[in-house]
Amino acid sequence: MKEKKKNETKKMIGEIAILLILMGLTFSVLLRDQDLGEVVESVFSVRKRWLIPALLCMGVYIFCGGLCIRVMQHGLGHKMSIARCFKYSFVEFYFSAITPSSTGGQPMQLVYMKKDGYNVSESSVILVAITAMYKLAFVLLCLVMFALNYNYISGQINEVHVMFVLGLILDVGMVLLLGLLLFSHRAIRFLARGGVHLLVKLHLVKAPEKKLASVDRIIEQYRECSEFVRTHPMIILRTFGVLTVQRIAIIAVPYFVYRSFGFHGYSFIQIFTTQLLLTLSVEMLPLPGSVGASESAFLILFGPIFTEDQIYSAILLSRGISFYLVLLLAGLYIIGLHFFYTFLDKRKK
């Protein structure tokens, strides 16, 4: 157990180190030809009242990240406090940020939900359903906003067309795969068993009969829980609504940053649509927190919107509020949580 914890700690330290290196490289490249003093002065000279709604948007984003779990847990008859909404959302944000393609967030949510006494199989289905709806909400927002603003967005798509197509394929593919996990038990049994047989052939798994029995048991638990998803449409709709609000909140941040510089030539819808395109293009890239890719895409897509003098300050403010500030808060929270659980473990001994 101690050896496992040491390995997990080493892995997390490595992931944090990679993230810090990426951050350092990103900003050293972005700002190498800029007067850092002028950039910082520009950041501090913005209209602060416009940054308040941007910060509130991130508060809504974090709260909704846990509220969607609470809605579904209540639907299953389990109590969940508001405090745990923030807890699970901070856990998801932090571990998604330090792992490629945001793959670490939900497994760690599951770990903490298990610590709090929630059933693992039920929680797994809840998180799969939330991921599917989160992706679906984003894809639908993109389709609607791109259709309504086609003339405006078509030129911007040409700027990042390869990343746009790749992002669209990956997001739609993820929604379909997660839907398959929830609603097609034959398909998931076929894929799971096929995966076990492949691992056996690669000599990575011993005792295949035991592993297959375990897979069948987990799939049966999935079937029972996913039955709830299909038979409680109102709870699913409420969860989908929460996730849509969550997506809108974080995507709205660049608009308030834009207004903080005193600009008003572009509408909320136009900047919102631009940020949707940016997110779609970089979200699924195998980079922790999309660091580097997000800043580069911001420079390309928002370059014509902000003046040349303000674009670098805008990157610092927009990414600072929507990612780096929340990452810092989440990191401090996780450290506190780690000490709290360590203290509880020592008391039990």
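Throughout, residue positions are numbered sequentially from 1 according to the sequence presented.
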Path from Y255 to I248 over hydrophobic side-chain contacts below 4.5 Å: yes

Within one Ile-Leu-Val-Met-Phe-Trp-Tyr cluster: F268 and M145, side-chain cutoff 4.5 Å: yes

Within one Ile-Leu-Val-Met-Phe-Trp-Tyr cluster: M58 and L56, side-chain cutoff 4.5 Å: no

Common cluster, I153/I300, ILVMFWY with side-chain heavy-atom separation under 4.5 Å: yes

Heavy-atom closest pair, residues S89 and G66: CB-N, 3.7 Å

Donor-acceptor pair, side chain of Q109 and main chain of Y88, under 3.5 angstrom: yes

Main-chain N/O of E122 paired with N119 side-chain donor or acceptor, under 3.5 Å: yes

W50 and F256 aromatic ring geometry - parallel, tilted or perpendicular at 30°/60° bounds: parallel

T274 and Q270 side chains, donor-acceptor separation under 3.5 Å: no

Please list every donor-acceptor pair under 3.5 Å in which a side-chain atom of residues 125-142 meets a protein atom from a residue at least two apart or in another chain.
{"residue": "T131", "atom": "OG1", "partner": "Q106", "partner atom": "OE1", "Å": "2.4"}
{"residue": "T131", "atom": "OG1", "partner": "Q106", "partner atom": "NE2", "Å": "2.6"}
{"residue": "T131", "atom": "OG1", "partner": "L127", "partner atom": "O", "Å": "2.8"}
{"residue": "Y134", "atom": "OH", "partner": "Y61", "partner atom": "OH", "Å": "3.2"}
{"residue": "K135", "atom": "NZ", "partner": "D171", "partner atom": "OD1", "Å": "3.3"}
{"residue": "K135", "atom": "NZ", "partner": "E283", "partner atom": "OE1", "Å": "3.3"}

Aromatic plane relationship, F323 with F93 - under 30° parallel, 30 to 60° tilted, over 60° perpendicular: tilted

V257 versus S318, closest heavy-atom pair with distance: CG2-CA, 3.9 Å

Check against side chain to side chain contact (heavy atoms under 4.5 Å, CB included), I82 and R70: CA-CA 8 Å; I82 295 296; R70 186 172 187 258; 3.8 Å; yes

Euclidean distance, I69 CD1 relative to Y118 OH, rounded to 0.5 Å: 9.5 Å

Side chain to side chain contact (heavy atoms under 4.5 Å, CB included) evaluation trace for E295 with R319: CA-CA 8 Å; E295 289 78 8; R319 281 286 282 171; 2.8 Å; yes

Residues S313, E41; criterion side chain to side chain contact (heavy atoms under 4.5 Å, CB included); working and verdict: CA-CA 9 Å; S313 303; E41 184 181 349; over 6 Å; no

Note, L148 side chain near I269 side chain (heavy atom, < 4.5 Å): no

L325-V91 co-clustered via ILVMFWY side chain contacts under 4.5 Å: yes

Parallel, tilted or perpendicular: ring planes of F146 versus F164, cut at 30 and 60 degrees: tilted

Over all atoms of both residues, closest heavy-atom pair of V242 and C64: CG1-O, 3.6 Å

Min side-chain heavy-atom separation F90-Y112 under 4.5 Å: no

Criterion side chain to side chain contact (heavy atoms under 4.5 Å, CB included) on R259 and H264, from CA distance to verdict: CA-CA 6 Å; R259 293 303 305 269; H264 50 78; 4.1 Å; yes

Point-to-point distance, once rounded to the nearest 0.5 Å, from CZ of F44 to CG of L317: 9.0 Å

Aromatic plane relationship, F263 with Y258 - under 30° parallel, 30 to 60° tilted, over 60° perpendicular: tilted

